[in-house]
Amino acid sequence: MMNHLGIDVSVKNIPELDPGFIPLAQFNRAFLAGADKPLDVAVERSNGQVAVWHVKIHSDPALAGADEYYVERVIKTMLWMYGGFRVYIAGSDELVEKMKVHYSAQGRQAFDWDYMANVFEHPFEIIACDKVPEENSDPKAIGRHLDGCRIGFDAGGSDRKVSAVIDGEPVFSEEVVWFPKINSDPDYHYEGIVAALKSAAAKMPRVDAVGVSSAGVYIDNRTMNASLFLQVPKDLFDAKVKDIYIRAITDTFGDVPYIVANDGDVSALAGAMNLGENNVLGIAMGTSEAVGYVDAQGRVTGWLNELAFVPVDASPDAMRDEWSGDIGCGVKYFSQDAVIKLAPAAGIQLDESLSPAEKLKVVQKLLSEGSEAAEKIYQSIGVYLGHSLALYHGYYGFKYAQLQGRVMSGRGGDIILDTAKAVLADEYPAVAQAIDASLPDEKARRVGQSVAAASLPEIVK
């Protein structure tokens with residue numbers, strides 16, 4: 001039993017290498033068990049889309065600190081799950097004022113306040129109201145179009161991949177190392193994208209459509225924010241990066257159908273296509289945690305799904321993310337950062353001169369050689385994942401979870417998945433019965449993300 005902010009939290013499965021971990025899923029469960037006062041929270045994004053959560057807080061003033069923490073985490077989760085620039089709260093004017101302090105230029109969540117304002121090009125606001133707006137979403141059925149001659153382009157942080165796809169069959173694939181995160185000249189990125197597109201086009205008689213999978217936030221095919229362009233100054237970002245994929249495609253091929261989508265959504269779409277199912281949450285654990293969701297009707301929601309910045313750990317001593325400045329968020333639990341974070345606790349010292357990807361390879365090699373210390377790292381990540389799949393299921397209600405990425409490769413992925421399933425069965429049996437979590441099979445590896453990206457646009461005949 002753990003106590004956090006006056007809430008007694010029962011946890012049976014604790015990661016051996018991170019004994020301070022307080023799964024947010026169990027904290028929320030314990031918090032809501034004693035909550036008795038309704039509170040509604042809505043997040044509004046572009047085009048009038050609104051997401052609404054109906055939650056509860058406590059009447060007991062002794063738990064005001066727990067209420068403040070819980071509501072701040074709810075807002076944080078909704079912002080990074082859905083995206084939005086305006087938050088409505090009905091049920092507590094006092095908490096509204098506290099949230100305005102947290103989400104402000106000088107507040108604890110100044111990063112989120114600034115990020116959302118920039119992405120949605122609108123000042124960030126928190127508003128008290130008697131009744132929150134009604135839910136309004138605009139999911140779109142994109143992808144699964146396999147007719148014609150298509151290009152699928154996947155922009156990663158360390159390599160770029162492109163495929164030529166004819167009637168659903170990849171006839172050419174190429175992977176090229178590039179360094180987008182350390183280049184400040186947007187022409188470097190543009191030329192790399194165009195080179196990839198031309199390379200694939202040369203393998204087909206014509207180009208009917210282009211689909212792009214890229215890390216970052218994309219609205220109407222425009223780049224609103226992406227770590228790929230981290231070093232590009234804001235003036236050049238606005239002038240040359242916001243429409244970089246649009247320009248690259250139209251400059252090269254003229255007026256062809258195209259769609260630019262977040263890589264997490266394309267990953268989920270690839271999983272759905274390979275499973276032949278819908279209601280799929282895709283989680284890729286690599287440089288970061290990339291997540292996408294295909295709903296029960298086979299549609300991409302248009303939400304951010306940036307679960308890398310959604311909290312999963314309620315511990316006040318949780319590891320801090322260097323980019324957002326927040327603690328306890330998914331990026332430090334479901335990426336190569338998690339492996340690196342846990343290595344010292346396992347007694348594994350990693351050479352600091354190595355890159356994060358190289359450090360991961362060191363641990364993977366140790367695991368392949370039978371290292372028990374390395375095995376404990378993957379078991380601990382599996383415990384994280386078991387608790388967090390229950391948390392994510394409460395948000396999405398998904399049926400299938402596809403787990404992929406470098407961290408999930410090889411024997412380590414099997415250990416993580418097996419451990420997660422054991423945690424779910426032990427602490428969240430209803431969720432364990434409701435979901436099917438798996439690693440991609442050989443078919444998924446063959447078809448892959450590039451074909452899913454190529455399938456994004458519809459060719460209108």
Side-chain angles (χ1 to χ4, degrees), residues 1-4 8-30 281 283-286 288-289 291 307-308 310-319 321 327-348 360 363-364 366-367 371-395 398 401-439:
M1 184 74 70
M2 305 175 178
N3 187 281
H4 182 51
D8 289 325
V9 184
S10 176
V11 185
K12 290 191 279 185
N13 293 272
I14 300 291
E16 181 178 347
L17 300 181
D18 187 4
F21 175 67
I22 303 175
L24 195 63
Q26 289 291 24
F27 174 83
N28 288 351
R29 177 187 281 182
L281 189 75
I283 303 176
M285 304 183 200
S288 183
E289 178 191 13
V291 177
L307 300 196
V310 167
V312 297
D313 185 0
S315 171
D317 299 317
M319 193 170 189
D321 166 46
I327 64 171
C329 296
V331 64
K332 292 297 184 184
Y333 298 77
F334 307 116
S335 72
Q336 60 195 16
D337 282 3
V339 175
I340 296 165
K341 168 184 96 170
L342 294 169
I348 298 173
L360 173 62
V363 176
Q364 288 174 325
L366 289 171
L367 182 68
S371 164
E372 290 185 13
E375 191 165 322
K376 287 179 181 179
I377 291 174
Y378 288 93
Q379 288 169 344
S380 292
I381 294 173
V383 175
Y384 290 153
L385 182 63
H387 288 292
S388 299
L389 282 175
L391 183 73
Y392 295 164
H393 186 261
Y395 300 154
F398 59 87
Q402 278 254 302
L403 309 165
Q404 50 197 292
R406 290 193 300 274
V407 176
M408 293 300 297
S409 64
R411 181 167 165 254
D414 294 329
I415 294 171
I416 290 171
L417 182 58
D418 290 345
T419 305
K421 287 182 173 179
V423 171
L424 282 167
D426 189 26
E427 299 203 44
Y428 313 92
V431 177
Q433 290 291 319
I435 71 172
D436 179 4
S438 64
L439 298 166

In chain order, what residues pass the side chain to side chain contact (heavy atoms under 4.5 Å, CB included) check against [X], with sequence neighbours excluded?
X: D426; value: K12, N13
X: D8; value: M1, N3
X: S409; value: Q364
X: E372; value: none

Query raised in the report: Of the non-hydrogen atoms in L24 and A314, which two are nearest, and what is the gap between them?
Result: CD1-CB, 3.9 Å
Query raised in the report: What are the two closest non-hydrogen atoms of I377 and A346, and how far apart are they?
Result: CG1-CB, 3.9 Å
Report task. Report the residues that fulfil ring pair (Phe, Tyr, Trp, His ring centres under 6.0 Å) with H393, sequence neighbours left out, ordered by chain and then residue number. Result -> F398
Query raised in the report: For Y378, which residues count as a ring pair (Phe, Tyr, Trp, His ring centres under 6.0 Å) partner, sequence neighbours excluded?
Result: none
What's the separation between atom [atom1] in [X] and atom [atom2] in [Y], rounded to the nearest 0.5 Å?
X: I348; Y: I340; atom1: CD1; atom2: CD1; result: 12.0 Å
X: I416; Y: S380; atom1: CD1; atom2: OG; result: 10.0 Å
X: L403; Y: L385; atom1: CG; atom2: CG; result: 6.0 Å
X: D317; Y: I22; atom1: CG; atom2: CD1; result: 8.5 Å
X: M408; Y: L439; atom1: CE; atom2: CG; result: 4.5 Å

[Y] and [X], any side-chain heavy atoms less than 4.5 Å apart:
X: E289; Y: Y333; value: no
X: V312; Y: L307; value: no
X: V331; Y: S288; value: yes
X: H387; Y: L424; value: no
X: P19; Y: F21; value: no
X: Y395; Y: V310; value: yes
X: C329; Y: D321; value: no
X: Q404; Y: I283; value: no

Requested in this report: Only pairs at least two apart or in different chains count here, so list each salt bridge (charged side-chain N to carboxylate O under 4.0 Å, His left out) that has a residue in residues 375-385.
Outcome: E16-K376, E375-R411
Requested in this report: Can you tell me which residue pairs pass the salt bridge (charged side-chain N to carboxylate O under 4.0 Å, His left out) test with a partner in residues 381-392, sequence neighbours excluded?
Outcome: none
**Report entry** side-chain hydrogen bond (donor to acceptor under 3.5 Å, both in side chains) involving K421 - partner list, sequence neighbours excluded
**Finding:** none
Query raised in the report: How would you list, by chain and number, every residue that makes a side-chain hydrogen bond (donor to acceptor under 3.5 Å, both in side chains) with R29, sequence neighbours excluded?
Result: Q26
Query - Test side chain to side chain contact (heavy atoms under 4.5 Å, CB included) applied to I14 and V383, step by step - result: CA-CA 7 Å; I14 300 291; V383 175; 5.8 Å; no
Query raised in the report: When you measure from the side chain of H4 to the backbone N and O of V9, does any donor-acceptor pair fall under 3.5 Å?
Result: no
Query raised in the report: Do S371 side-chain atoms and A374 backbone N/O form a donor-acceptor pair below 3.5 Å?
Result: yes
**Report entry** From CA spacing to verdict: side chain to side chain contact (heavy atoms under 4.5 Å, CB included), I435, L281
**Finding:** CA-CA 10 Å; I435 71 172; L281 189 75; over 6 Å; no
Query - Worked verdict on L389 versus V431 for side chain to side chain contact (heavy atoms under 4.5 Å, CB included) - result: CA-CA 9 Å; L389 282 175; V431 177; 5.8 Å; no
Query raised in the report: Can you list the residues that meet the salt bridge (Lys or Arg N to Asp or Glu O under 4.0 Å) rule with D313, with sequence neighbours excluded?
Result: none
Query - Cation-aromatic face contact K332/Y384, 6.0 Å, 45 degrees - result: no
